[in-house]
Amino acid sequence: MPKQTRPQWDEYFMKVARLVSERSTCLRRKVGAVLVKDKQILATGYNGAPSGITHCEVTGCLRKELGIPSGERHEICRGLHAEQNVLLQAARHGVSARESTLYITNVPCSICAKMIINTGIKEVVFCNEYPDKMAQEFLGEAKIKLRKVNRQQILRSGV
């Protein structure tokens with residue numbers, strides 16, 4: 001009988017984050033997030049318009065129409081980021097994010113980094129970059145571990 005191979009924990013949770021990103025309604029970038037503690041999934045989130053609000057695929061993307069570069073002018077986007085949605089989902093169900101790890105397909109923006117800091121998350125694991133250096137500075141100053149996993153390994157494994 002051949003030995004069964006199982007994904008390592010980082011690979012497993014990042015695959016889940018990639019799968020969650022497929023629910024995204026954003027026209028520019030699909031992002032998924034998974035909040036984990038003690039190897040258990042606490043909550044998931046993806047980027048898109050809030051519940052009950054018309055999705056961008058119907059209204060169009062104002063940031064795209066105005067030619068606003070990625071990582072800028074978040075306030076005119078109708079969507080929430082995956083990090084915001086995962087934290088809101090956890091809060092809605094009374095689940096603490098304290099001392100947890102956030103697996104996310106992209107490095108957080110500076111707004112989400114501030115939220116991550118205040119929720120007590122201890123580590124952020126990602127596989128893709130995001131053009132917001134301030135976020136990385138905030139996380140570093142708050143002593144939250146920011147760790148990149150090998151994107152190629154995740155992609156090779158079928159995600």
Side-chain angles (χ1 to χ4, degrees), residues 10 13-37 41-93 95-152 154-155 159:
D10 281 347
F13 292 125
M14 194 56 71
K15 280 183 173 183
V16 174
R18 302 274 300 175
L19 180 61
V20 169
S21 76
E22 292 180 19
R23 292 278 308 152
S24 170
T25 60
C26 181
L27 300 175
R28 295 180 88 176
R29 181 187 317 257
K30 305 224 177 273
V31 180
V34 179
L35 190 63
V36 175
K37 185 172 183 180
I41 295 173
L42 303 177
T44 64
Y46 52 87
N47 57 328
S51 300
I53 302 294
T54 306
H55 294 297
C56 301
E57 61 192 11
V58 176
T59 65
C61 177
L62 181 59
R63 292 176 68 236
K64 185 175 182 179
E65 291 169 16
L66 296 175
I68 296 170
S70 183
E72 296 180 16
R73 302 287 317 271
H74 297 120
E75 75 278 6
I76 64 170
C77 177
R78 68 188 294 109
L80 289 165
H81 287 186
E83 304 93 321
Q84 295 166 334
N85 275 325
V86 77
L87 296 175
L88 290 167
Q89 184 186 75
R92 187 176 197 173
H93 295 286
V95 176
S96 173
R98 185 180 307 250
E99 295 298 311
S100 65
T101 298
L102 181 64
Y103 285 84
I104 184 153
T105 55
N106 294 77
V107 173
C109 73
S110 56
I111 294 167
C112 291
K114 292 182 274 188
M115 292 179 180
I116 289 166
I117 292 165
N118 276 359
T119 60
I121 289 171
K122 66 180 181 180
E123 181 179 26
V124 175
V125 181
F126 70 98
C127 65
N128 299 311
E129 300 292 336
Y130 187 75
D132 189 338
K133 296 296 178 200
M134 188 180 286
Q136 294 178 40
E137 292 170 7
F138 287 162
L139 293 170
E141 185 176 341
K143 297 185 179 23
I144 294 173
K145 186 175 181 181
L146 185 62
R147 184 166 54 87
K148 184 174 185 173
V149 294
N150 184 332
R151 184 173 186 265
Q152 293 307 316
I154 305 300
L155 293 175
V159 178

Roughly how far, to the nearest 0.5 Å, is the [atom2] atom of [Y] from the [atom1] atom of [X]?
{"X": "Lys122", "Y": "Thr101", "atom1": "NZ", "atom2": "OG1", "result": "5.0 Å"}
{"X": "Met14", "Y": "Ser21", "atom1": "CE", "atom2": "OG", "result": "10.5 Å"}
{"X": "Leu35", "Y": "Thr119", "atom1": "CG", "atom2": "OG1", "result": "7.5 Å"}
{"X": "Cys112", "Y": "Leu139", "atom1": "SG", "atom2": "CG", "result": "10.0 Å"}
{"X": "Asn85", "Y": "Tyr46", "atom1": "CG", "atom2": "OH", "result": "7.5 Å"}
{"X": "Asp10", "Y": "Lys15", "atom1": "CG", "atom2": "NZ", "result": "12.5 Å"}

* Asked: Does the pair Asn128 and Arg18 meet the rule for a side-chain contact (heavy atoms from CB on, under 4.5 Å), with working shown?
  -> CA-CA 11 Å; Asn128 299 311; Arg18 302 274 300 175; 3.6 Å; yes
Please check if the side chain of [X] supplies one atom and the backbone of [Y] the other of a donor-acceptor pair under 3.5 Å.
{"X": "Asp132", "Y": "Gly71", "answer": "no"}
{"X": "Ser24", "Y": "Asn47", "answer": "yes"}
{"X": "Arg78", "Y": "Thr54", "answer": "yes"}
{"X": "Thr105", "Y": "Gly32", "answer": "yes"}
{"X": "Gln89", "Y": "Thr44", "answer": "yes"}

Side-chain contact test, heavy atoms from C-beta onward, threshold under 4.5 Å: evaluate it for [X] versus [Y] and give yes or no.
{"X": "Ile111", "Y": "Gln84", "value": "yes"}
{"X": "Val34", "Y": "Val86", "value": "no"}
{"X": "Val31", "Y": "Ile104", "value": "yes"}
{"X": "Ile121", "Y": "Leu87", "value": "yes"}
{"X": "Leu66", "Y": "Ile76", "value": "yes"}
{"X": "Glu22", "Y": "Lys30", "value": "no"}
{"X": "Arg147", "Y": "Tyr103", "value": "yes"}
{"X": "Val16", "Y": "Val36", "value": "no"}

What are the two closest heavy atoms between [X] and [Y], and how far apart are they?
{"X": "Ala49", "Y": "Thr25", "result": "N-OG1, 3.5 Å"}
{"X": "Pro131", "Y": "Arg29", "result": "CD-NH2, 4.3 Å"}
{"X": "Ser100", "Y": "Leu42", "result": "CB-CD1, 4.3 Å"}
{"X": "Glu83", "Y": "Cys109", "result": "OE2-N, 4.1 Å"}
{"X": "Tyr130", "Y": "Val107", "result": "CB-O, 3.2 Å"}
{"X": "Gln136", "Y": "Glu129", "result": "NE2-OE1, 3.9 Å"}

* To do: State plainly whether the residues Arg63 and Glu65 are in salt-bridge range, i.e. N to O under 4.0 Å.
  =>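 Salt bridge between Arg63 and Glu65, a charged N being under 4.0 Å from a carboxylate O: no.
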* **Enclosure of Arg28 CZ (heavy-atom neighbours >12, cutoff 6.0 Å)** =>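 For Arg28, atom CZ is crowded (more than 12 foreign heavy atoms under 6.0 Å).
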* Checking salt bridge (Lys or Arg N to Asp or Glu O under 4.0 Å) for the pair Lys143/Glu141: CA distance, chi angles, key distance, verdict? -> CA-CA 5 Å; Lys143 297 185 179 23; Glu141 185 176 341; over 6 Å; no
* Could you give me the CA-CA distance, side-chain angles and deciding distance for Phe13 and Ile41, then say whether side-chain contact (heavy atoms from CB on, under 4.5 Å) is met? => CA-CA 8 Å; Phe13 292 125; Ile41 295 173; 3.7 Å; yes
